[in-house]
Amino acid sequence: MPGSRTGGRPPAQRTVRRPATPRPGRDNPVLRLYLRARKAWDRPLTAYYLILGGSLLVTVLGLVMVYSASQITALQKSLPGSFFFRKQLLAASIGAGLLLAASRMPVKLHRALAYPILAGAVFLMALVQVPGIGMAVNGNQNWISLGGSFQIQPSEFGKLALVLWGADLLARKQDKKLLAQWKHMLVPLVPVSFMLLGLIMLGGDMGTAIILTAILFGLLWLAGAPTRLFAGVLAVAATIGVILIKTSPNRMARLQCIGATDPGPGDACWQAVHGIYALASGGIFGSGLGASVEKWGQLPEAHTDFIFAVTGEELGLAGTLSVLALFAALGYAGIRVAGRTEDPFVRYAAGGVTTWITAQAVINIGAVLGLLPIAGVPLPLFSYGGSALLPTMFAIGLLIAFARDEPAARAALAMRHPRFGRKRGAGGSGMVRSPRRWNTMRRRASAARSSGER
């Protein structure tokens, strides 16, 4: 048309936009939840929070169950009902201080403590065999009396000593490229481990000896021991174990109680069977906190080795699965810390601590379930016993320190917790500025901008 602005040209055709089709799975709430959980799981601080939160929850729940499971035992011994709980609470308070100290120590200090802790553990374990100093508990000569109702079991500190010393030894040999030779991988790690095992077996505590053997195998596995070398050490340890079991009627009787459903002649399987009774009577949600029947004299060691059975009776399947989930989270976090570090000492120490806690939990829970022989080892962080709780909490502090020391985790913590006493801005007074890491990232972001961006 004349006079039109288009000068007679046909009007431009409008582009018809098709409605956007949703991507497959975007509106699926299950998939969205899975993606969010996976994103949160891959964050740098996941292992740190799993170790800190999981260990705290296990310890607190253990205090509650120790109080519930130990009341009848305390009253039967003419003691106050909260006697064992107060001792465990004292040990947990001291252990919390050890955990905090270990979590704040640098790696160099951990390595420096390896030899003193090993020497102290060997000295105390030898002192146990001195008449008048060492004392026997439940047939095992593995305790030293500290006066009154307080005793210490030095073999529990031997686990921590083997982890720290073995990790430092292997790390130094790896730095010198010596682990490719089998003699450097075995000596002196295996002889020193066998010395610790010998001191423990002098007192008859085979359960703790099994845990130390598991730590030794864990360290050898992390060091990359060849299959034939690993199998050779395993064969020697298995042969010694079979001889020790065959020569002890008590250990043979425990082995025969695997899967027992009847106490048998002379009530030889009384403890194993009543542990199953406690678990079976708990149902899904349990009979209620404090309402256990088996702890009224039917179940021996209800607050120590068989506290998991009382947990199943009072809190049910939900309570036992919660405990298993917490230990699984601790195990996963420890493996993650060991797998993501570049420091060989951190890898060996984190792997050793994870092997220690996981193996001990499996042996204890397996015995309560009737799947393994009763080894007489406590459930880590959960059962009554200050001698076991203190080194375990120190070991948890090691894992926390290693998890905090990852580069990504260190940067994330620096972003969340700015240091105090620093100024922000040029010449600004009284203004707290962010850490140096944040300033570096901010300068990089400014340099990456285009000249026209504001």
Side-chain angles (χ1 to χ4, degrees), residues 44-48 50-51 101-119 121 158-194 196 211-234 330-359 391-392 394-411 413:
L45 293 175
T46 297
Y48 170 73
L50 281 178
I51 297 170
S103 66
R104 294 294 179 177
M105 288 181 185
V107 174
K108 290 183 179 180
L109 184 55
H110 288 145
R111 300 186 68 168
L113 290 176
Y115 282 86
I117 291 178
L118 177 65
K159 303 172 187 176
L160 178 63
L162 180 59
V163 168
L164 286 177
W165 176 79
D168 178 70
L169 175 70
L170 293 175
R172 286 189 289 107
K173 291 198 172 190
Q174 180 173 332
D175 292 338
K176 297 179 181 179
K177 312 294 184 182
L178 296 176
L179 290 183
Q181 307 176 29
W182 67 269
K183 59 181 181 180
H184 284 288
M185 183 173 292
L186 295 181
V187 181
L189 177 63
V190 174
V192 171
S193 301
F194 276 34
L196 294 175
I211 306 300
L212 255 73
T213 306
I215 295 173
L216 172 62
F217 288 149
L219 291 174
L220 290 176
W221 181 273
L222 291 169
T227 305
R228 61 182 182 276
L229 185 63
F230 195 83
V233 177
L234 181 60
L330 283 175
Y332 166 80
I335 294 173
R336 176 168 169 165
V337 170
R340 293 194 174 190
T341 183
E342 298 295 334
D343 189 337
F345 172 79
V346 173
R347 180 169 63 254
Y348 295 134
V353 171
T354 305
T355 304
W356 162 15
I357 295 176
T358 305
T392 306
F394 187 90
I396 293 293
L398 286 177
L399 289 180
I400 293 175
F402 298 156
R404 289 169 54 95
D405 200 49
E406 291 183 12
R410 192 164 56 242
L413 287 173

### Beyond-backbone contact of Pro188 with Trp165, side-chain heavy atoms, under 4.5 angstrom
yes
### Check: Ser193 side chain, Leu189 main-chain N or O, donor-acceptor pair, under 3.5 Å
yes
### Task
Would you please test Leu398 and Leu160 for side-chain contact (heavy atoms from CB on, under 4.5 Å) and show each step?
CA-CA 10 Å; Leu398 286 177; Leu160 178 63; 4.2 Å; yes
### Query
Got a donor-acceptor contact below 3.5 angstrom from the His110 side chain to the Ala102 backbone?
yes
### Stepwise side-chain contact (heavy atoms from CB on, under 4.5 Å) check, Val107 with Phe345
CA-CA 8 Å; Val107 174; Phe345 172 79; 3.5 Å; yes
### Query
So do the side chains of Trp356 and Ile211 get within less than 4.5 Å of each other, counting heavy atoms only?
yes
### Task
I would like to know whether Leu216 and Phe194 meet side-chain contact (heavy atoms from CB on, under 4.5 Å); could you show each step before the answer?
CA-CA 10 Å; Leu216 172 62; Phe194 276 34; 4.1 Å; yes
### Query
Which distance, rounded to the nearest 0.5 Å, do you find between the CZ of Arg347 and the CG of Leu170?
10.0 Å
#### Entry: Separation between CD of Gln174 and CE of Met185, rounded to the nearest 0.5 Å
9.5 Å
#### Entry: Separation between CG of Leu169 and CG of Leu219, rounded to the nearest 0.5 Å
9.5 Å
#### Entry: Separation of Asp405 CG from Ile400 CD1 (nearest 0.5 Å)
13.5 Å
#### Entry: Sole residue of Leu162, Leu196, Leu164 in side chain to side chain contact (heavy atoms under 4.5 Å, CB included) with Leu118
Leu196
### Query
In Å, rounded to the nearest 0.5 Å, how long is the span from OG1 of Thr355 to CG of Leu222?
6.5 Å
#### Entry: CA sep, side-chain torsions, deciding dist, call: Leu212, Lys159, side-chain contact (heavy atoms from CB on, under 4.5 Å)
CA-CA 6 Å; Leu212 255 73; Lys159 303 172 187 176; 3.4 Å; yes
### Leu50 vs Arg336 side-chain heavy atoms within contact, under 4.5 Å
no
### Interatomic spacing from OG1 in Thr354 to CG in Leu399 - rounded to 0.5 Å
5.0 Å
